[in-house]
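Structure first, then comments.
We count residues from 1, following the sequence as given. Atom set for the values below is all heavy atoms of this structure, side chains included, hydrogens, waters and symmetry mates excluded.
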Amino acid sequence: MDNAFMARAIQLAVENVRSGRGGPFGCVVAKDGNIVAEGANQVTATNDPTAHAEVLAIRLACQKLHHFELKGCELYTSCEPCPMCLSAIYWARIDKLYFGSLAADAARVGFDDSTIYREIAQPHSQRKIPTIQMMREEALAAFRAWEENPGKILY
């Protein structure tokens with residue numbers, strides 16, 4: 001655990017708000033005691049709902065390290081990650097996650113993820129966004145192609 005990395009993530013969040021570039025979220029990816037990548041929320045600046053600090057930092061770290069996995073890395077984020085960011089952290093195989101404020105703190109200022117967590121647990125037929133399965137047999141062709149591909153890169 002490195003307080004300097006968390007301090008930097010918090011600094012990125014505060015600077016992001018003060019500059020008007022985005023929301024109050026900052027993130028640092030570190031490896032072997034060095035910062036590999038940083039990110040600050042850019043959702044409104046880029047009109048991209050996936051441009052959260054953690055996602056941006058993970059994308060940049062993967063580019064810099066030339067790999068889709070971030071094994072050996074730690075992630076420091078100014079706030080407890082949302083469901084999307086938490087998923088990205090798991091997919092990236094980050095070794096450790098450190099966070100500053102709680103999701104409840106974010107909810108108090110308008111960044112409430114609780115609805116998403118509740119929706120994920122609902123059956124498809126009960127979600128607020130209609131979620132309808134279709135063409136399963138046709139879609140399975142992609143998985144068959146994957147299974148048959150001798151050159152696939154497992155992840």
How far apart are the closest heavy atoms of [X] and [Y], and which atoms are they?
X      : Y      : answer
Cys73  : Val29  : CB-CG1, 3.9 Å
Ser78  : Pro24  : OG-O, 3.9 Å
Arg136 : Gln133 : CD-NE2, 3.2 Å
Pro83  : Ile120 : CB-CD1, 4.2 Å
Glu54  : Thr77  : OE2-OG1, 2.8 Å
Val55  : Cys85  : CG2-SG, 4.0 Å

Apply side chain to side chain contact (heavy atoms under 4.5 Å, CB included) to Asp113 and Arg118, showing your working.
CA-CA 9 Å; Asp113 303 326; Arg118 283 193 304 273; over 6 Å; no

Report yes or no: does [X] contribute a side-chain atom to a donor-acceptor pair with the main-chain N or O of [Y] at less than 3.5 Å?
X      : Y      : answer
Lys152 : Glu147 : yes
Arg93  : Trp91  : yes
Glu119 : Lys128 : yes
Glu80  : Ala103 : yes
Arg8   : Val28  : no
Asn41  : Ala53  : no

Taking side chain as C-beta onward, heavy atoms only, is [X] less than 4.5 Å from [Y]?
X      : Y      : result
Leu70  : Cys62  : yes
His124 : Ile132 : no
Val43  : His52  : yes
Cys27  : Leu56  : no

When you look at Phe25 and Phe111, which way does the ring-ring contact (aromatic ring centres under 6.0 Å, His included) test go after all the steps?
CA-CA 11 Å; Phe25 305 97; Phe111 298 94; 4.9 Å; yes

Before you tell me yes or no, could you show the steps for Leu97 and Leu86 under side chain to side chain contact (heavy atoms under 4.5 Å, CB included), namely the whole-Å CA-CA distance, both residues' side-chain angles and the distance that decides it to 0.1 Å?
CA-CA 9 Å; Leu97 163 64; Leu86 186 60; 4.1 Å; yes

Partners meeting ring-ring contact (aromatic ring centres under 6.0 Å, His included) with Phe143 (sequence neighbours left out)
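Applying ring-ring contact (aromatic ring centres under 6.0 Å, His included) to Phe143 gives none.
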
I want to know whether Phe99 and Tyr76 have ring centres closer than 6.0 Å.
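No.
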
For the hydrophobic clusters of this structure (ILVMFWY residues joined by side-chain heavy atoms under 4.5 Å, transitively), does one cluster hold both Phe5 and Leu12?
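Yes, it is one cluster - the side chains of Phe5 and Leu12 are joined through contacts under 4.5 Å.
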
Straight-line distance of [X] [atom1] to [Y] [atom2], nearest 0.5 Å:
X     : Y     : atom1 : atom2 : answer
Ile89 : Met84 : CD1   : CE    : 10.0 Å
Asp48 : Thr50 : CG    : OG1   : 3.5 Å
Lys64 : Ile35 : NZ    : CD1   : 9.5 Å

Counting heavy atoms not belonging to Phe68, are there more than 12 under 6.0 Å from its CZ?
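Buried by this count: over 12 neighbours within 6.0 Å.
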
For Arg144, is the CZ atom crowded, meaning more than 12 foreign heavy atoms sit under 6.0 Å from it?
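More than 12 heavy atoms, drawn from other residues, nucleotides or ligands, come within 6.0 Å of this atom.
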
Decide side chain to side chain contact (heavy atoms under 4.5 Å, CB included) for Trp146 and Glu148; before the verdict, give the C-alpha distance in whole Å, the side-chain angles of both, and the deciding distance to 0.1 Å.
CA-CA 5 Å; Trp146 174 258; Glu148 296 166 3; over 6 Å; no

Go through it in stages, so that I can follow the logic: the residues are Asn16 and Gln42, the test is side chain to side chain contact (heavy atoms under 4.5 Å, CB included), and I'd like the CA-CA distance, side-chain angles, deciding distance and then a yes or no.
CA-CA 9 Å; Asn16 203 49; Gln42 298 294 307; 3.1 Å; yes

What I want to find out is whether Glu74 reaches Lys31 closely enough, with some N-O distance under 4.0 Å, to be called a salt bridge.
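Looking at Glu74 and Lys31, the cut-off is not met.
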
